[in-house]
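Structure first, then comments.
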Amino acid sequence: LIEAVGAREILDSRGNPTVEVEVLLDDGIVQRAAVPSGASTGAFEAYELRDGDKSRYGGKGVLKAVGAVIDELGPAIEGVEASEQRIVDEILIEVDGTENKSRVGANAILGVSLAVAKAAADSADLPLFRYLGGPNAHILPVPLFNVINGGEHADNGIDMQEFFLAPIGAETFSESLRWGTEVYHVLKGELKAAGFATGLGDEGGFAPDLPSNREGLDFLVKAIEKAGFTPGRDIALGLDVAATEFFDNGVYRLDQKDWTAAELTEYYVGLVNDYPIVTIEDALAEDDWDNWKALTDALGTKTQLVGDDLFVTNPTRLADGIKRGVANSLLVKVNQIGTLSETLDAVDMAHRAGYTAMLSHRSGETEDTTIADLVVATGAGQIKSGAPARSERVAKYNQLLRIEEELGDAATFIGRAAFPRFQG
Ligand code: PGA
Ligand code: ZN
């Protein structure tokens with residue numbers, strides 16, 4: 001039984017306050033969870049409550065959310081069985097009482113929801129991935145390493161937000177981690193040799209001032225080859241365009257040019273022909289549904305098209321997308337929806353519709369590693385947690401190493417099967 005719930009304000013990887021929650025069970029178990037925070041957030045995400053008190057952290061404090069955990073959410077679930085996750089999450093949603101969790105804040109709710117799950121797992125003496133995924137949870141994901149950062153995550157001129165390495169040809173997760181890391185280090189040398197800065201963006205990738213987005217892909221291909229791998233066979237590429245960020249009034253502004261959605265779609269078709277691209281996320285803006293449909297018709301059989309700002313891990317928006325035949329993959333961010341149960345519902349819905357799902361960190365992260373367990377529990381087979389550098393990013397990959405070790409011979413690295421549409 002849940003005996004007590006506490007909370008505090010801690011810092012995230014960008015030096016902004018965030019919520020940490022601790023749950024105590026009547027058997028003495030204590031577990032904690034911390035909440036991430038985005039920068040290029042979707043308009044339809046659950047609400048992140050910040051104090052707005054300019055005298056503290058420039059208004060970004062989260063003492064109101066912390067107070068809501070202590071005064072309202074905690075007392076409402078005390079005495080409830082910790083393993084009754086759906087009941088707990090329903091109570092949390094009811095206490096808030098709003099559609100988008102804006103009264104007490106999705107950051108308050110998510111912290112409690114995740115901490116309860118961790119405490120219940122610990123109480124059952126099971127690792128979180130097994131507690132949530134059952135005895136058949138055994139799929140280790142392909143990690144998508146965001147090695148070049150642009151958009152809202154870096155102060156360079158690159159419009160696209162994320163350039164991924166996806167080591168699909170490795171035999172094991174640990175091998176894929178090594179491959180990606182080796183290429184990351186070679187990439188640094190290549191950028192330096194070409195006279196570009198190698199400072200890091202928010203997600204641990206390099207943030208060079210490249211003249212065009214294609215140039216980013218060229219650097220990745222060069223680095224993969226120089227590290228001794230074959231692009232496409234061993235290590236594929238991916239993009240998170242985060243197009244909502246450069247969309248205004250029906251016009252996309254990319255590489256110093258104005259583009260219609262149709263022109264941009266043609267451009268993506270060209271990229272997929274020229275590079276081994278397994279995934280493109282948020283290729284168009286979050287409300288550009290008709291053009292998303294046209295994009296999916298043009299490219300959906302050739303590569304994975306992920307909805308992040310488009311779906312915001314929201315089962316209602318995802319159901320709409322499935323009905324319209326828009327995109328073919330769901331990005332999964334626990335704080336976009338705010339409870340573990342709703343997150344798992346979204347993943348289930350995606351899988352039942354033949355969509356893939358990718359677990360994701362936020363650009364503002366903490367040392368919390370819940371998403372590593374979630375990707376194994378759901379068998380989703382894909383995770384993005386930034387570059388293989390910076391501890392808040394690497395913490396998730398390191399947790400996957402521990403899970404791989406725990407599973408031993410039962411572990412299966414999904415490899416290229418994670419991307420059933422990829423034909424490269
Ligand atoms: P965010 O970016 O965490 O800043 O929203 C991540 C993403 O767009 O996938
Ligand atoms: Zn995204």
Side-chain angles (χ1 to χ4, degrees), residues 12-16 18 34-48 50 60 106-107 110 143-156 158-166 200-205 207 213 238-247 252 254 268 277-288 292 295 303-314 317-318 321 327-338 343 346 350 356-366 368 370-371 375 380 382-387 390 392-393 396:
D12 74 11
S13 57
R14 271 194 286 251
N16 291 323
T18 190
V35 177
S37 174
S40 69
T41 47
F44 305 99
E45 296 194 18
Y47 191 79
E48 180 185 75
R50 298 210 174 261
K60 290 190 171 177
N107 41 348
L110 180 69
L144 289 111
F145 299 113
N146 176 12
V147 294
I148 296 180
N149 295 181
E152 293 296 303
H153 295 167
D155 291 326
N156 53 10
I158 309 178
D159 307 302
M160 291 191 189
Q161 182 176 282
E162 306 174 19
F163 292 73
F164 302 115
L165 298 169
L200 302 186
D202 286 355
E203 297 189 347
N213 292 283
L239 293 168
D240 179 2
V241 180
T244 305
E245 302 297 326
F246 56 79
F247 177 71
Y252 292 89
L254 182 83
Y268 294 134
I277 293 176
V278 289
T279 185
I280 306 178
E281 180 179 325
D282 280 355
L284 295 173
E286 62 196 357
D287 257 338
D288 203 359
W292 256 105
L295 168 76
T303 196
Q304 174 172 281
L305 298 170
V306 185
D308 170 13
D309 291 352
L310 179 71
F311 295 141
V312 290
T313 320
N314 185 314
R317 283 187 71 90
L318 176 62
N328 55 34
S329 184
L330 171 73
L331 197 76
V332 182
K333 292 168 164 171
V334 283
N335 79 322
Q336 277 182 333
I337 186 70
T343 304
T356 52
M358 183 192 297
L359 270 288
S360 173
H361 65 154
R362 298 309 301 250
S363 51
E365 263 296 335
T366 71
D368 189 286
T370 305
I371 59 167
V375 73
Q382 307 181 25
I383 187 170
K384 65 166 188 171
S385 176
R390 296 179 54 140
E392 80 280 4
R393 310 296 145 191
K396 284 66 166 174

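Remember, it's 1-based here, ligands and their atoms both numbered in the order they're listed.
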inquiry  = I need the full list of salt bridge (charged side-chain N to carboxylate O under 4.0 Å, His left out) pairs touching residues 357-366, with sequence neighbours left out, sorted by first then second residue.
reply    = Glu45-Arg362, Glu365-Lys396
Is the closest N or O pair between [X] and ligand 1 shorter than 3.5 Å?
X	value
Ala39	yes
Ser40	yes
Glu281	yes

Ligand-side contact atoms (ligand 1) for residue partner [X], heavy atom cut-off under 4.0 Å:
X	value
Asp240	7 (C), 8 (O), 9 (O)
Glu162	6 (C), 7 (C), 8 (O), 9 (O)
Asp308	7 (C), 8 (O), 9 (O)
Gly38	1 (P), 3 (O), 4 (O), 5 (O)

ask   = Leaving out waters, which are not shown anyway, how many protein N, O or S atoms lie closer than 2.8 Å to the Zn ion (ligand 2)?
value = 3
What protein heavy atom lies closest to [atom]? Include the residue and the distance to one decimal.
atom	value
atom 9 (O) of ligand 1	Lys384 NZ, 2.6 Å
atom 8 (O) of ligand 1	Gln161 NE2, 2.8 Å
atom 6 (C) of ligand 1	Lys333 NZ, 3.3 Å

Polar contact flag, side-chain donor to acceptor under 3.5 angstrom, [X]-[Y]:
X	Y	result
Asp368	Thr366	no
Ser363	Glu152	no
Asp308	Gln336	yes

So does [Y] get a backbone contact from the side chain of [X], meaning a donor-acceptor N/O pair under 3.5 Å?
X	Y	answer
Trp292	Ala285	yes
Ser360	Lys333	no
Asp282	Asp309	yes

request  = Heavy atoms only: give me the nearest Ile277-Thr303 pair and the separation to one decimal.
outcome  = O-OG1, 2.9 Å
key: Non-neighbouring partners of Gln382 that pass side-chain contact (heavy atoms from CB on, under 4.5 Å), sequence neighbours left out   = Leu144, Gln304, Thr356, Met358, Ala418, Phe419
inquiry  = List the residues meeting side-chain contact (heavy atoms from CB on, under 4.5 Å) with Phe44, not counting sequence neighbours, and say none if there are none.
reply    = Glu286, Asp287, Val312, Arg317
message = Angle between ring planes, Tyr252 versus Phe246, binned at 30° and 60°: parallel, tilted or perpendicular?
response = perpendicular
note = Note: Ala242, heavy atoms under 4.0 Å from ligand 1, region reported as neither
ask   = Would Lys384 and Glu203 pass as an ion pair if we require N to O under 4.0 Å?
value = no
remark   = Checking heavy-atom distances from atom 2 (O) of ligand 1 to each of Glu45, His153, Arg362, the winner is His153
